[in-house]
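Remember, it's 1-based here, ligands and their atoms both numbered in the order they're listed.
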Amino acid sequence: MLNKKSVDDINVKGKKVLCRCDFNVPLQDGKITDENRLVAALPTIKKLIADGGKVILCSHLGKPKGEPKPELSLAPVAVRLSELLGQEVKFAADPEVVGPNAKAAVEAMQDGDVVLLENTRYRKEETKNGEAFSKDLASLCDVFVNDAFGTAHRAHCSNVGVTQYVDTAVVGYLMQKEIDFLGNAVNNPERPFVAILGGAKVSSKISVINNLLDKVDTLIIGGGMAYTFAKAQGGTIGKSLCEDDYLQYALDMIEKAKEKGVKLLLPVDTKIGDDFSNDCNIQIVPTGAIPDGWEGLDIGPETEKIFADAVKDAKTVVWNGPMGCFEMPNFAHGTETVAAALAETDATTIIGGGDSAAAVNILGYGDKMTHISTGGGASLEFLEGKELPGVAAANDK
Ligand code: AMP
């Protein structure tokens, strides 16, 4: 059970608080095209302001590769955050991130003021968790708050290194929510616990499958991954996605599910196309009987029914990875059916970040889910059962 100190456990009145956020927003010609991440950061920032802290915000944005790149400056974020908060967010433009300008801006702060530092990845040491930049960041503050889940699986200066040089390091509300749902719900779930895995490759989810088989009551595998399992069991899969290096692994996982008494559900039918395009010819066939020249691009209707039924009586459902090539409308139905089933069930529904989060939102089911993770890579590592450095670095309760 992860039990980390949060912003609710500290008193920041009059203190300088460095808060690591995830402001890695898409920009087009200097304009923010999706501000979800800014909105998601507001509760923690507002709490720190209301408590009378001097709130110093920091984040990375894109990949400037250790040097200032004007097009990846956080300046536009300061402007939009000021509007969202209804108070000035002073932007501390500084090529060194923590250089003379930033220090002067922090020095001039009153209680309740907000300053935003420049893109932390302007500094080379950031992604190497180097000492000098970690110390620079720590020198600005009395207290550190980490609210950036999207980078929690990386050990960088601004989320891990800095904590070595401050006495108090806690998590913000966003991080707390991710820990509660992805960490604690998965490790101590209300049962029946069903996990649904999809997406392209078995190889990217090996540890997730292995770890979840120790925890779930039912494991559903759809998407491109399913064809490696179908071939391993002696089926023909045409030109469907397949990782021949993982055939034995697939058989091992089928065996492990049996040993553990986990119900493993694989697609029984599949929607195939004669080309990887939305407008190809389409057929529905049994999953292990795909003709030459055809490929599986979505689960079939019988499978949709089985998968949807499996989540009906669940109490906890975790979903990571689409059931088919949902980007093509003709092959989105399987993913849509699973999303709809999750929207209807009374279970706690947790969506791993990345493609499944995007699919749920695009299909309009976002507000029907209990929790949609803000971090793709980080949520996968949580599901693999790994310790995330950004979470581990926060003080325990
Ligand atoms: P991942 O990043 O592993 O979660 O994979 C997501 C991608 O898997 C999406 O872009 C889907 O289009 C793709 N995908 C899902 N099912 C299939 C399939 N049957 N064949 C090829 N790609 C698929």
- Message: Testing the 3.5 Å rule here: is there a donor-acceptor pair between the side chains of Asn320 and Lys205?
- Response: yes
- Query: Counting heavy atoms only, which of Cys325, Gly199, Ser240 is nearest atom 23 (C) of ligand 1?
  - Reply: Cys325
- Message: I need the atoms of ligand 1 closer than 4.0 Å to a non-hydrogen atom of Leu297, numbered in the order shown.
- Response: 19 (N)
- Item | Atom CG of Asp396: over 12 foreign heavy atoms under 6.0 Å | yes
- Message: Can you check which of Met323, Met328, Lys201, Glu327 brings a heavy atom nearest to atom 12 (O) of ligand 1?
- Response: Glu327
- Hey, does Lys205 come in under 3.5 Å of ligand 1, counting only N/O atoms on both sides? yes
- Query: Does any N or O atom in Gly224 lie less than 3.5 angstrom from one in ligand 1, N or O only?
  - Reply: yes
- Query: Quick one: do the Asp22 and Asn24 side chains pair a donor with an acceptor below 3.5 Å?
  - Reply: no
- Verify whether one side chain among Glu88 and Ser82 offers a donor that lies under 3.5 Å from an acceptor in the other. no
- What atoms in ligand 1 come closer than 4.0 Å to a heavy atom of Asp355? 2 (O), 5 (O), 6 (C), 7 (C), 9 (C)
- Going by distance only, is there an N or O of Gly296 that falls short of 3.5 Å from an N or O of ligand 1? yes
- Task: Give the contacting part of Glu295 toward ligand 1: side chain, backbone, both or neither, where contact means a heavy-atom distance below 4.0 Å.
- Result: neither
- Which of the numbered atoms in ligand 1 are below 4.0 angstrom from a heavy atom of Leu241? 20 (N), 21 (C), 22 (N)
- Query: Looking just at side-chain N and O atoms, do Glu190 and Thr348 make a donor-acceptor pair shorter than 3.5 Å?
  - Reply: no
- Rounding to 0.5 Å, atoms SG (Cys157) and CD (Glu125) come to a distance of 6.0 Å
- Query: For residues His60 and Arg123, is any side-chain donor paired with an opposing acceptor at under 3.5 Å?
  - Reply: no
- Message: Within ligand 1, which atoms have a heavy atom of Tyr227 less than 4.0 Å away?
- Response: 19 (N)
- Task: Side-chain contact test, heavy atoms from C-beta onward, threshold under 4.5 Å: evaluate it for Val25 versus Asp34 and give yes or no.
- Result: no
- Query: What residue and atom, counting heavy atoms only, is the protein's closest point to atom 8 (O) of ligand 1, and at what distance?
  - Reply: Ala200 N, 3.3 Å
